[in-house]
Amino acid sequence: MSDEQARSLPGTEDRMPDQWGHWRALHEAAVRQFELYGYGELQTPIIEETRLFVKGTGESTEIVEKQMYCLDTGEGQSIALRPEGTPPAVRAYLERNLHKQHPFQKFWYAGPMFRRERPQKGRLRQFHQIGVEAIGSVSPLLDAETLLLATDIYREAGLKQWRVCLNSIGCERCRPGYREELRRRLSTRREELCEDCRRRLKRNVLRVLDCKMEDCRAVVAELPEVSDYLCNECREHHGAVKRVLTEHDVQYEEDSRLVRGLDYYTRTVYEIKHPALGARDTICGGGRYDGLVEELGGPPTPCVGFAMGVEASLLAMEADLGPATDSGGPPAVFIVSFEEAARERCFDLLEALRAAGVPADMDFEGRSAKAQMRLANRVGSAYCFLIGERELSAGQVLIRQMAGGEQWTVPWQEAPREAARLLRGDP
RNA sequence: GUGACCAUAGCUCAACUGGUCAGAGCACCAGACUGUGGCUCUGGGGGUUGCGGGUUCGACUCCCGCUGGUCACCCCA
């Protein structure tokens with residue numbers, strides 16, 4: 001590739017026509033389940049005020065600290081490419097005063113997100129999420145519903161294996177106590193922790209639980225579990241979520257070390273992981289965020305939701321279902337002209353076929369009849385409609401069935417209807 | 001932000017330890033009864049071996065720099 005040619009940016013990718021198979025399957029499964037579950041589509045802009053994420057996602061999160069694409073509008077305003085979908089959804093909710101009219105809302109969204117990270121397998125700078133937000137209810141039934149919804153989507157999309165990890169990280173009432181306890185226990189063993197964890201000790205102790213370093217894990221193993229510190233309400237809530245999940249046959253693993261990277265999570269947190277993905281195996285993450293709406297200037301409003309990583313989910317689908325495929329089918333009919341002079345008449349017929357609802361195509365490169373046939377064969381068309389001087393003067397179309405090689409003629413005017421009939425499989 | 005590995009035709013790769021190779025398969029194009037695909041056969045186009053230096057009589061092969069890519073850590077979907 002020459003140097004002056006423009007290239008795609010690192011961490012961004014093109015999705016070519018033959019790579020849409022799994023994507024479409026996932027998206028269609030999701031849309032169908034969203035309808036079944038009563039979630040309405042919400043589309044928000046890709047750009048937002050930077051402060052929405054600073055307040056919403058959390059000032060001290062990695063995402064906001066160093067991964068956001070921010071730009072100055074030149075009018076003294078800082079805007080950001082959205083790094084995630086939840087704060088914009090809540091912003092839209094508040095901006096329309098839905099909390100006053102119809103406080104309970106269920107939204108779904110799908111679209112690109114942006115984070116300035118080092119790209120690697122399953123992680124891009126422009127990536128895509130499909131997610132839901134159920135805003136305005138504290139019911140544990142909804143925690144379960146979002147998880148059931150996510151697994152139903154994966155099931156319908158054809159995914160075969162996954163596991164659900166579940167935890168409760170408490171609320172703003174009980175978490176401080178746990179956090180305090182962690183800080184106290186950890187500071188006595190500060191020397192054994194990695195550099196990052198020493199930093200986390202001050203900034204965000206909970207993340208120490210998630211550290212992958214061997215030495216840290218050893219220390220973490222001896223720490224009390226968050227479940228011992230939950231307040232009665234949180235304990236009850238968590239119990240209800242688990243009861244409903246069990247009732248509805250969701251296999252889950254309790255993982256007392258599961259914490260999430262975003263500040264706004266409370267109580268229920270969960271991840272769906274796929275075994276074929278290695279270290280970075282989360283394909284969907286979610287949970288409850290009862291404090292976010294208030295943080296963004298609204299009234300206290302409990303919420304729960306999830307975000308699926310589309311690219312990660314696609315990798316999981318490839319592992320379970322094989323490589324990505326073409327999304328659409330081939331043109332059912334391929335028109336072949338024997339002479340260059342017949343080409344425009346071929347195009348007339350082509351348009352007539354399409355008008356009759358028959359997927360059809362022809363050659364536009366002036367190839368020989370033989371090459372046109374080869375092309376028809378390669379793209380997998382079921383029939384060729386062959387046209388030359390003889391057919392034109394007789395007012396006929398020569399039809400060839402590619403599979404068997406049988407040929408017959410039909411009157412020109414009948415051709416579109418004949419094609420439609422052949423595709424339906426009528427005798 | 002840290003680290004490792006990689007870079008030859010459109011794709012996947014080969015070229016003994018630097019010494020007639022710049023090659024193979026697939027793909028593509030064209031022929032094999034000048035109105036017809038698949039299979040087979042034949043032929044063809046296509047690479048200044050990522051870029052720039054250096055060592056050497058000689059570099060795809062060794063050294064340095066740059067660029068690009070991949071993967072892992074970090075973090076997260």
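Below, read A as the first sequence line, B as the second, and so on, with proteins coming before strands; counting in each chain starts at 1.
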- prompt: B:C28 phosphate, OP1 or OP2: any side-chain N/O from A:Arg378 under 4.0 angstrom?
  reply: yes
- request: Could you work out the separation of B:U20 and B:A4 based on their P atoms and round it to a whole Å?
  value: 35 Å
message: Under a 3.5 Å cut-off for both contacts, is B:A59 paired Watson-Crick or G-U wobble with anything, and if yes, with which nucleotide?
response: none
- request: Identify the nucleotide, in any strand shown, that forms a Watson-Crick or G-U wobble pair with B:C11, with both distances under 3.5 Å; if there is none, say none.
  value: B:G25
message: Please determine whether any donor N or O and acceptor N or O are separated by less than 3.5 Å between the side chain of A:Gln407 and the base of B:U36.
response: yes
message: Looking at A:Lys160 and A:Asp320, is any side-chain nitrogen of the basic one under 4.0 Å from a carboxylate oxygen of the acidic one?
response: no
task: Taking only Lys NZ, Arg NE, NH1 and NH2, and the carboxylate oxygens of Asp or Glu, determine whether A:Glu254 and A:Lys242 approach each other closer than 4.0 Å.
output: yes
task: Enumerate the residues from residues 303-321 of chain A whose closest heavy atom to RNA chain B is under 4.0 Å, giving them by residue number; use none for an empty result.
output: A:Ala307, A:Gly309
- prompt: Think A:Arg367 has a side-chain N or O under 4.0 angstrom from the OP1 or OP2 of B:C29?
  reply: yes
query: Are the side chain of A:Arg125 and the backbone N or O of A:Arg115 linked by a donor-acceptor pair below 3.5 Å?
result: no
- request: Please say whether more than 12 non-hydrogen atoms of neighbouring residues, nucleotides or ligands are located less than 6.0 Å from CZ in A:Arg155.
  value: yes
field: Minimum side-chain heavy-atom gap A:Arg15-A:Trp23 below 4.5 Å
entry: yes
- request: Would you kindly check whether a donor in the side chain of A:Arg400 faces an acceptor in the base of B:G37, or vice versa, at under 3.5 angstrom?
  value: yes
field: Given RNA chain B, 5'-ward residue of the pair A:Phe127 and A:Met373, judged by closest heavy atom
entry: A:Met373
message: Strictly by Watson-Crick or wobble contacts shorter than 3.5 Å, is anything paired with B:A4, and which nucleotide is it?
response: B:U70
- prompt: Closer than 4.0 Å, any side-chain N/O of A:Lys370 to the OP1 or OP2 of B:U36?
  reply: no
message: Closer than 4.0 angstrom, basic N to acidic O: yes or no for A:Glu181 and A:Arg185?
response: yes
Contact list for RNA chain B against residues 113-123 of chain A - heavy-atom distance below 4.0 Å: A:Arg115, A:Glu117, A:Arg118, A:Gln120, A:Lys121, A:Gly122, A:Arg123
A:Asn377 side chain, from C-beta outward: closest of B:G38, B:U36, B:G68: B:G38
- prompt: Can you say whether the rings of A:Trp108 and A:Phe34 are parallel (under 30°), tilted (30 to 60°) or perpendicular (over 60°)?
  reply: parallel
- prompt: Considering residues, nucleotides and ligands other than A:Glu389, do more than 12 of their heavy atoms fall under 6.0 Å from its CD?
  reply: no
task: Please work out whether the ring planes of A:Tyr93 and A:Phe107 are parallel, tilted or perpendicular, with thresholds of 30° and 60°.
output: perpendicular
